[in-house]
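What you are looking at is a predicted structure, and each value in this text was computed from that prediction instead of being measured. Throughout, a chain's letter reflects where its sequence line sits, starting with A, and its residues are numbered from 1.
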Protein chains: 2
Amino acid sequence: MSELDGALEPGSEAAPARSVRERLIMAGEQLFAEHGWNGVSIRTIAAAAGVSLAALNYHFGVKEHMLAEIFAARARPIAEARVRRLDELEASGGVMLEQVLDAFLRPAFSADVGGRIFARLRARLGTEHEAFSRRILSDAFDESSKRYVTALARLLPELPEAELAWRFHFMLGTMVYTMADSGRIQALTNGACDPGEVETALSRLVPFLAAGFRAALPPT
Amino acid sequence: MSELDGALEPGSEAAPARSVRERLIMAGEQLFAEHGWNGVSIRTIAAAAGVSLAALNYHFGVKEHMLAEIFAARARPIAEARVRRLDELEASGGVMLEQVLDAFLRPAFSADVGGRIFARLRARLGTEHEAFSRRILSDAFDESSKRYVTALARLLPELPEAELAWRFHFMLGTMVYTMADSGRIQALTNGACDPGEVETALSRLVPFLAAGFRAALPPT
DNA sequence: GTCTATACAGTGATAGAC
DNA sequence: GTCTATCACTGTATAGAC
């Protein structure tokens, strides 16, 4: 972004001279991940990035905006991966429900870099219902999620629209709660189950959800 | 609790003279529910209860302890109702999976008084994984939840212990996420679905979860 | 034991100079 | 764009009255 970056010799990735804004975002992401939203002050973040407190405030205004930018930066690749996988599936013809669910869930769980960081952030936003948190989530995920709802509707044609929306909502609950890794399952199983293992969690989650999506309609 | 309460004429419920501690807890519950954990200061709570700041600190020490007491007060009746319903079910003989799930979920959703208040608190605690939050949840729910895991294991004898734990964990995810009412389902359905309606949510949730619990084991 | 008054270090945010 | 200085406010602690 900074016009100074161009002066670096080519081939030197991870350029040591990043813009102030980038340094702040990197420091913020790491510190928020380590200590949580309230566990770290913007002063600490500014110091870690080597800038002054007011410089941080100049770039982000309020603390929440900083979180929003960090979140959006991580969320976009996830939403894009979801859409790409769905495209591939639909192009390949006969799609199975399990494949669609895996395509939706896997990018969120994998989250190439800094997975845990993003996961807890996502979980926390999912439980707030202030306008600010809603906006962050909507901007990041509404578009791709609606594509999945459409795809699921085609796979489950007998399911009324509202019922499908509920089941999609339930899926989000299992996903967010597992990503949050609150320690509840460890407490109940004396540590036998660990939601931190991506493949284990997914191999458990997908069949569970697929059965739920296919469940017979409740008697009205 | 206060010995002054006895002086009131009988039949006057909602006694106007409560102990300082009770007034603080009532004010704290309402304000936390409205504005969230960080949205309200202990000064505000103390003022709402008509006592001084230091009096609040005398009773609760740190802010977190106040939340813990409020949560425990709401959680205990829920855990008790769960155990009572399970006792009744088991005493009546032939138990259906759907009945067990309903018995577990309904008390959390109903939460006779101040339902929303508690629901959001529960959801938020479910996403924190600090030792403090874990302890609150464990103290409140581990015992009754383990009874349900046992009951479910009897109903689903072919399910390995670990698999059952995962599915129980997924159920908690759908429950907490629905109770949190984050607005995601409204965003995706343009407001057509409202998780705030207890009977609607339960009638959707129970069949979904029952199918998930009954799902065939994934191929190893 | 219960409560008040007061003080303190640290927070997010802002104003205005450079 | 970035700084210094400062603001109102937070959670917490203590000393002492009843």
Side-chain angles (χ1 to χ4, degrees), chain A residues 1-7 17-32 34-71 121 124-125 128 130-133 136, chain B residues 1-5 7 17-71 121 124-125 128 130-133 136:
Chain A
M1 291 296 172
S2 163
E3 64 282 334
L4 290 168
D5 293 358
R18 304 191 110 86
S19 74
V20 169
R21 198 186 181 81
E22 283 172 309
R23 292 211 312 272
L24 281 168
I25 286 194
M26 289 173 62
E29 175 165 35
Q30 190 193 326
L31 289 168
F32 281 141
E34 273 182 57
H35 307 105
W37 169 252
N38 296 304
V40 58
S41 69
I42 56 175
R43 281 173 169 80
T44 308
I45 298 174
V51 303
S52 81
L53 170 65
L56 185 151
N57 247 297
Y58 166 76
H59 283 287
F60 300 103
V62 298
K63 195 180 180 185
E64 280 178 333
H65 287 170
M66 184 171 200
L67 185 74
E69 282 213 34
I70 293 173
F71 184 84
L121 220 55
R124 184 173 300 214
L125 286 177
E128 317 261 348
E130 292 135 41
F132 171 74
S133 309
I136 296 181
Chain B
M1 290 297 173
S2 164
E3 63 281 335
L4 290 169
D5 293 358
R18 303 190 110 85
S19 74
V20 168
R21 198 185 181 82
E22 283 172 310
R23 291 210 314 271
L24 281 169
I25 287 193
M26 290 172 62
E29 175 164 33
Q30 190 194 325
L31 288 169
F32 280 140
E34 274 182 56
H35 306 105
W37 170 251
N38 296 305
V40 57
S41 70
I42 57 176
R43 281 172 169 80
T44 308
I45 298 174
V51 304
S52 82
L53 171 65
L56 185 152
N57 246 298
Y58 166 76
H59 283 287
F60 299 103
V62 296
K63 196 180 180 186
E64 281 179 331
H65 288 169
M66 186 171 197
L67 185 73
E69 282 212 35
I70 292 172
F71 185 83
L121 220 56
R124 184 171 300 214
L125 286 177
E128 317 259 349
E130 291 136 41
F132 171 74
S133 308
I136 296 182

Q: State which residues pass ring-ring contact (aromatic ring centres under 6.0 Å, His included) with B:Phe32; sequence neighbours excluded, sorted by chain then number.
A: B:Trp37
Q. Can you find a pair of side-chain heavy atoms, one from A:His35 and one from A:Thr44, that are under 4.5 Å apart?
A. no
(Q) Between B:Met66 and B:Leu24, is there a side-chain heavy-atom distance shorter than 4.5 Å? (A) yes
Q. Does some side-chain heavy atom of A:Glu69 sit less than 4.5 Å from a side-chain heavy atom of A:Ile25?
A. yes
Q: Starting at atom CZ of B:Phe60, determine the distance to atom C1' of C:dC3, rounded to an integer number of angstrom.
A: 14 Å
Q.
How would you summarise protein contacts on nucleotides 7-18 of chain D per nucleotide, using B for base, S for sugar-phosphate only and - for none, with heavy-atom distances below 4.0 Å?
A. ---BBB------
Q) Between D:dC3 atom C1' and A:His59 atom NE2, what is the distance in whole Å? A) 12 Å
Q) Hey, does the side chain of A:Tyr58 come within less than 4.0 Å of D:dT2's phosphate (OP1/OP2), counting only N and O? A) no
Q: Examine distances only and state if a side-chain atom of B:Arg23 and a backbone atom of B:Ala49 form a donor-acceptor pair shorter than 3.5 Å.
A: yes
